[in-house]
Amino acid sequence: MLTRVTIYFLLLVLNLPLFSRMGVVVYFQANKAYIAKVLCVNKNRPSLHCDGKCYLAKKLKAAEEREHKQTAERLEKMPEIQLFCPFGNLNFSKISFIELLRKASNFAFLANPVAGMLKGIFRPPQF
């Protein structure tokens, strides 16, 4: 029971950034009358029928920019990972894959190793 609660809690925490835009929309829907009356940019021009959608667009854009900024900061802080390569430094634009395999010291290529073993087993039926 505790592990199931822990799993659900971790899934919720990992998905919180996804809920930021949805939270803005839910807040807008819940307080639509107040936003249209007080916070709307176009409240002096009722002919536009904005009804607070300008406020919603501004808040959604701010949330998107905040997410983009956080993602950029995370990418800058992310450590660079170097993978081990037994062939030395690889530059695939200058060397083909076959040449790379030829340079490998312990590389052996068998054309069809199984064919020789199966030749004696599989024979056509004789009548």
Side-chain angles (χ1 to χ4, degrees):
M1 179 67 181
L2 182 62
T3 57
R4 185 174 283 188
V5 171
T6 306
I7 289 171
Y8 288 136
F9 176 74
L10 289 175
L11 285 173
L12 178 70
V13 168
L14 288 173
N15 288 316
L16 278 179
L18 300 175
F19 296 129
S20 65
R21 289 188 203 161
M22 190 171 64
V24 171
V25 174
V26 168
Y27 175 77
F28 173 76
Q29 292 296 330
N31 300 312
K32 194 181 248 185
Y34 173 76
I35 291 171
K37 191 175 189 179
V38 178
L39 300 174
C40 182
V41 177
N42 297 321
K43 63 184 171 189
N44 297 332
R45 295 184 276 172
S47 61
L48 294 176
H49 299 291
C50 176
D51 299 327
K53 293 176 187 165
C54 54
Y55 177 80
L56 175 64
K58 188 180 357 175
K59 287 296 183 180
L60 285 175
K61 186 174 181 180
E64 184 179 345
E65 288 174 357
R66 187 173 54 244
E67 282 180 24
H68 182 67
K69 182 180 175 186
Q70 288 174 350
T71 304
E73 287 175 358
R74 282 190 207 133
L75 287 175
E76 287 176 4
K77 293 178 182 178
M78 188 177 294
E80 194 172 307
I81 299 173
Q82 294 181 352
L83 299 175
F84 171 74
C85 182
F87 308 121
N89 294 334
L90 297 180
N91 187 352
F92 289 106
S93 62
K94 294 182 181 178
I95 188 169
S96 70
F97 183 70
I98 295 174
E99 290 177 31
L100 178 69
L101 292 177
R102 285 183 188 151
K103 288 182 179 181
S105 60
N106 59 354
F107 179 74
F109 178 74
L110 300 174
N112 196 352
V114 181
M117 292 184 276
L118 297 178
K119 201 178 243 183
I121 297 173
F122 296 110
R123 291 178 300 220
Q126 296 177 356
F127 297 102

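Just so it is clear, the model here is predicted, and its values are computed rather than measured.
- Closest of all the heavy-atom pairs between G52 and C40 is N-SG, 3.7 Å.
- To the nearest 0.5 angstrom, L12 atom CG is 13.5 Å from I7 atom CD1.
- Pairs of residues two or more places apart, or lying in two chains, never qualify as side-chain hydrogen bond (donor to acceptor under 3.5 Å, both in side chains) while including a residue from residues 51-65.
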Residues 25-34 side chain polar contacts: donor-acceptor under 3.5 Å, at least two apart:
{"unit_1": "N31", "atom_1": "ND2", "unit_2": "Y27", "atom_2": "O", "d": "3.4"}

